[in-house]
2 protein chains.
Amino acid sequence: MQTLSQFMRTHPAGATLLKNGWGTNDFLDVSPKIYKPHSVICRQDDNDDTIFILKSGWAILYRGLLDGERQIIDTPLGGDIVGFRFVDGPRFASLASITELAVYEISRKALIDAVLSDGRLGNKIACSLARLNAILAEHLVNVGRRNAMSRTAHFLLELEERLSKVGLSDHGRYECPLTQHELADILGMTTVHVNRTLRELRKADLVSFKAGHVEVINRKKLVETAGFDKEYLR
Amino acid sequence: MQTLSQFMRTHPAGATLLKNGWGTNDFLDVSPKIYKPHSVICRQDDNDDTIFILKSGWAILYRGLLDGERQIIDTPLGGDIVGFRFVDGPRFASLASITELAVYEISRKALIDAVLSDGRLGNKIACSLARLNAILAEHLVNVGRRNAMSRTAHFLLELEERLSKVGLSDHGRYECPLTQHELADILGMTTVHVNRTLRELRKADLVSFKAGHVEVINRKKLVETAGFDKEYLR
DNA sequence: CGGTAATTTGACTGGAGTCAACTATTGTGG
DNA sequence: CCACAATAGTTGACTCCAGTCAAATTACCG
């Protein structure tokens, strides 16, 4: 089974995280843990200090509100770090698998020790966090300032771009295991309205999202209605 | 004039960023640059590689859309890093001063070199970015899943908490130089609706925001309607 | 003081939410 | 392998929160 250190050296989205030159850290020699679809990997408010690096599969990172609603913060993919906090304390968000998920788990203390002793690691982590930052910021723009149509279009384009970095998208086609309900919690809309919006997008021959399969039909018009500029994902 | 390295050692929100033990880096011996109110410090899509560390004053970090709208991503305060990107390339967002602003400016290359040679710096940067992450994520939750009332209430409480960390808030009272128009661009609402919402909050004796002065009136009820839990700002 | 920017208010509109029913798909145990 | 339950998707009718448009009124600044 592939260890974290091997994964890092060979992962296509190495840019996302850490690439080479520090495969000597002991803590990297861990094997991935496998989770079943729809299992909870960690819970908001829990107090453990595990940090996760996803190897493969789909997951959602979300924050639940008191009234039972939730906002999905991100859909981390292979190579992404999840749960790195600036200080000890209860978790900010929950992480759940959508598909079967392979995850490297390391303790915050171990990672920080390694960062302290090797500047290259710190740099890689910082860069990875900066990328997450850009993704979050664009997500915020999306929810705060775009209407249902362009918001949905934008998200589907972002997914395509992110998936293509890890080889999971091809010519505007990719598999997406998210339900419309999950989509709604990502986009800050209701399930019903997501449904209607997807219908509109299909009727306008922009994208189709059917049975877990996404297909970009008219990229030019789609990018236009989304106001999408992939630069932030570089 | 206080250099960056001196600032870091004495800044009250040291936790936000870098505290001690690395004041020996040359690049830290820079003086802050002073900007007038309402000046643009850097522009989205520009290609310079300066990174900013705020010393004092209010600023907004925002992203403009093609249709002329904008979403304010964050209101960075003293001690916050702005503009750290994971890779070279055009800027993601613009930074503008609201009040007079003092800013330390360093080049991305210099900062990265320093990170590479000193793990402690990398750690501090990573922690600072992780904090920004949490703030962005909560901002997203706010805009995506809370209505005008609790959204506005939540933001005012977040400001209070962040300001109190740098000694700018006292017993639920603080100065806030943001206009209602800027507030609207932060909260993903219109100016008109921000105005009405602030009136509601005042009428309900929760908070008042008048003439740049914010005052928490009934904290318990305010926290409740906001669904505010300051843990993410620790 | 005069002009510009910011705030406030009212009347009206509309996009997205709510409620509710129905259909399609998936998955599971007998 | 089917029956049937549970989950996911779809659609219509109606509501409402927030947006739009427009016009004061007030605060700020040179």
Side-chain angles (χ1 to χ4, degrees), chain A residues 36-39 58 60 65 67-72 96 98-100 142-155 175-204 207-214 225, chain B residues 36-39 58 60 65 67-72 96 98-100 142-155 175-204 207-214 225:
Chain A
K36 287 200 174 57
H38 300 290
S39 34
W58 285 70
I60 51 174
L65 305 194
D67 61 4
E69 297 231 74
R70 69 172 180 180
Q71 172 69 45
I72 295 178
I98 296 292
T99 62
E100 181 173 284
N142 212 20
V143 172
R145 283 288 180 241
R146 286 193 257 255
N147 63 21
M149 267 287 222
S150 56
R151 198 186 300 182
T152 308
H154 192 284
F155 179 68
E175 300 306 312
C176 172
L178 298 171
T179 65
Q180 292 184 4
H181 180 66
E182 284 151 353
L183 225 50
D185 284 340
I186 290 168
L187 298 172
M189 304 166 45
T190 58
T191 310
V192 174
H193 202 58
V194 164
N195 183 282
R196 289 195 246 263
T197 305
L198 287 175
R199 192 199 329 143
E200 291 287 307
L201 286 169
R202 209 178 318 124
K203 219 181 321 194
V207 237
S208 103
F209 183 165
K210 271 280 188 191
H213 185 80
V214 177
T225 72
Chain B
K36 286 200 175 54
H38 301 289
S39 33
W58 284 69
I60 51 174
L65 305 193
D67 61 3
E69 296 230 74
R70 69 173 179 178
Q71 173 68 46
I72 295 178
I98 297 292
T99 62
E100 181 172 284
N142 213 20
V143 172
R145 282 289 179 238
R146 286 194 257 256
N147 64 18
M149 266 288 222
S150 56
R151 198 187 300 183
T152 308
H154 192 284
F155 179 67
E175 300 306 312
C176 171
L178 298 171
T179 66
Q180 292 183 7
H181 179 66
E182 284 151 351
L183 225 50
D185 285 340
I186 291 168
L187 298 173
M189 305 166 45
T190 57
T191 310
V192 173
H193 202 58
V194 164
N195 184 281
R196 289 195 246 263
T197 306
L198 288 176
R199 181 180 2 122
E200 292 287 306
L201 286 170
R202 208 178 320 123
K203 220 183 316 194
V207 237
S208 102
F209 182 167
K210 271 279 190 190
H213 184 80
V214 178
T225 72

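Throughout, a chain's letter reflects where its sequence line sits, starting with A, and its residues are numbered from 1.
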Checking B/K210 now: which residues fulfil side chain to side chain contact (heavy atoms under 4.5 Å, CB included) with it, not counting sequence neighbours? B/R202

Value in whole Å for how far the P atom of D/dG9 lies from NZ of A/K210: 10 Å

A/T225: side chain to side chain donor-acceptor pair (under 3.5 Å) partners, not counting sequence neighbours: none

Phosphate oxygens OP1/OP2 of D/dT7: is one of them under 4.0 Å from a side-chain N or O of A/Q180? no

Which heavy atom of A/F155 sits nearest a heavy atom of A/N142, and at what distance? N-ND2, 4.1 Å

Give me the first and last nucleotide of DNA chain C, going 5' to 3', that has any atom under 4.0 Å from a heavy atom of chain A. C/dA16 to C/dC19

List the protein contact pattern of nucleotides 17-30 of chain D with one symbol per nucleotide (5' to 3'): B for base contact, S for sugar-phosphate-only contact, - for none; contact means a heavy-atom distance under 4.0 Å. -BBBB---------

Side chain to side chain donor-acceptor pair (under 3.5 Å) partners of A/H213, counting only residues at least two apart: A/E175

By side chain to side chain donor-acceptor pair (under 3.5 Å), which residues pair with A/S208, not counting sequence neighbours? none

Which heavy atom of A/W58 sits nearest a heavy atom of A/P177, and at what distance? CE2-CD, 3.3 Å

Using the side chain to side chain contact (heavy atoms under 4.5 Å, CB included) criterion, which residues pair with B/K203? Sequence neighbours excluded. B/R199, B/E200

Got a list of side-chain donor-acceptor pairs under 3.5 Å for residues 178-194 of chain A, not counting sequence neighbours?
unit_1 : atom_1 : unit_2 : atom_2 : d
A/T179 : OG1    : A/H181 : N      : 3.4
A/T179 : OG1    : A/E182 : N      : 3.1
A/T179 : OG1    : A/E182 : OE1    : 3.3
A/Q180 : OE1    : A/N195 : ND2    : 2.9
A/H181 : ND1    : A/T191 : OG1    : 3.2
A/E182 : OE1    : A/T179 : N      : 2.8
A/D185 : OD1    : B/R145 : NH2    : 2.8
A/D185 : OD2    : A/R70  : NE     : 2.7
A/T190 : OG1    : A/H193 : N      : 3.3

For A/P37, the side chain to side chain contact (heavy atoms under 4.5 Å, CB included) test, sequence neighbours excluded, returns A/E100

Within this structure, what is the CG-to-P distance between A/N195 and D/dA8, rounded to whole angstrom? 14 Å

Between atom CG in A/L198 and atom P in D/dG9, what is the gap in whole Å? 9 Å

Rounding to 10°, can you tell me the angle the first-five-pair axis of the helix from C/dC1-D/dG30 to C/dG30-D/dC1 makes with its last-five-pair axis? 50°

Those residues at least two apart in sequence (or on a different chain) that pass salt bridge (charged side-chain N to carboxylate O under 4.0 Å, His left out) with B/R146 are B/E138

